[in-house]
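Below is one structure, written out as structure tokens, with a few remarks after it.
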Amino acid sequence: MSETTKKNTGRNIWRSLLAACAVIFVIAVIFRIMKPEEPMDTKPLSTVSTAFPEVKDIDIETGLVGTILPSNMYYVIPKTQGEVIEIYVEQGQIVEKGAPICKIDNQKQIDSAKIQLDSAKVQLNTAREAYKTTLANYNRMSALLQTGDVSVQAFEQTKTGLEQAKAAVEGAELALQGAELNYNTQLEFSMPTAPAAGKVESETMELNQMVAPGNPICIISGEGAMEVQFSVTDRLLQSIKVGDKVRIEKQGSEYAGAITEIATVPGQQTGLYLVEASVEGDAVFTPGSNVNVYFRSGGAKSAVTVDTNAVYYDGGKNYVYTVEYNENAVEAAGSTIDENNKLAIVHKVEVQTGASDGKSTEITEGITKDDEIIVTWTAQLYEGANVQVLSEEE
């Protein structure tokens, strides 16, 4: 084959390859043009709920353990030594004022007082008879003095005797009163009575048991309202005053009350201040039992507040997230929103917080009551994020 023929053959091969490549390219372009375009991958924006700050009072409540005391507690204490021979009451019984509690055998003391009483009566009668005799003699001497039949000295002696006889009568009368008082007292001592109407909280008497003065045999709680006693620190003392309301809780039930007394000096052992509060209504507690006492120990009036869960903490600072509505948020994010929801941009706002009762927190700086606050959490909570705000209907 000539050199010219070889060159022509090579050129034809290259032309064929180029033509094939061109055909493949054209086919690829046509296929690309004819292929349907895939839809753009979109997803809904994060959904949040919002609320406006609420202007209200915040009450911070402190709870302590208190001890129930009856408003009036009476101790029945025997005033004589003797054996208990009868018992008239039992624990839990309601008694009236003056009701007998028990009978104590002090018959020896009663008999002794009776002897003294009888002796005093005899002495008084004797003194009165002597006075009558002396008075008659005085009258006779007075008449004789007028006629000059007796001397002045004799008359004066008779007068002195009359005064002495009168003093003896008065002394005998006082002795009789003392003897009567002693006798009646011994009778009273033999039968102690209830000093006031109320409930017998406890009694320690037994038949044939010896009792002695100074040892209580019965405790009666008065019919008045019960009281609760608790202790507070210096800090809490500054936040309470007489008349403040308290809430008392016992076994799931609540009762109202009010502070009636606050100690001005702390206890030597505890360093705490005793506080007493009345329990309103017909609440019945066992004296000495424990209850929970709640009272206002701080707070704020007419405060701008938000849900405590809407306050976030970062780097030692407090933040809330507000929303700013922006109609271009979907185009900017390439996302969709549900029907009726609103597009918004998130702003992270630093705030200063005040009082908090656990549910609501006071905001003292950073926002106003007109700012719309995000109250639900989402991973898209950051400055400039696009979110959709849940409509009120939903």
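All of these numbers come straight from a predicted model, not from anything done at the bench.
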Criterion salt bridge (charged side-chain N to carboxylate O under 4.0 Å, His left out) on D244 and K241, from CA distance to verdict
CA-CA 6 Å; D244 284 354; K241 64 181 183 302; 2.9 Å; yes

Verify, without hydrogens or angle tests, whether [X] (side chain) and [Y] (backbone) share a donor-acceptor contact under 3.5 angstrom.
X    : Y    : answer
S112 : K108 : no
N215 : V211 : no
T305 : E54  : yes
T376 : S49  : yes
E383 : K348 : yes
E163 : T160 : no

Is the number of heavy atoms from other residues, nucleotides or ligands within 6.0 Å of NZ (K250) greater than 12?
yes

Look at atom NZ of K56 and say whether more than 12 heavy atoms of other residues, nucleotides or ligands are closer to it than 6.0 Å.
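Enclosed.
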
Stepwise, does the side chain to side chain contact (heavy atoms under 4.5 Å, CB included) test hold for S151 with F155?
CA-CA 6 Å; S151 66; F155 174 78; over 6 Å; no

For the residue pair F230 and F295, does the interplanar ring angle fall in the parallel (under 30°), tilted (30 to 60°) or perpendicular (over 60°) class?
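Rings of F230 and F295: parallel, as their planes differ by under 30°.
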
Can you check side-chain hydrogen bond (donor to acceptor under 3.5 Å, both in side chains) on S278 and E227, steps first, answer last?
CA-CA 4 Å; S278 62; E227 293 186 344; over 6 Å; no

Side chain to side chain contact (heavy atoms under 4.5 Å, CB included) evaluation trace for T322 with I374
CA-CA 6 Å; T322 62; I374 296 176; over 6 Å; no

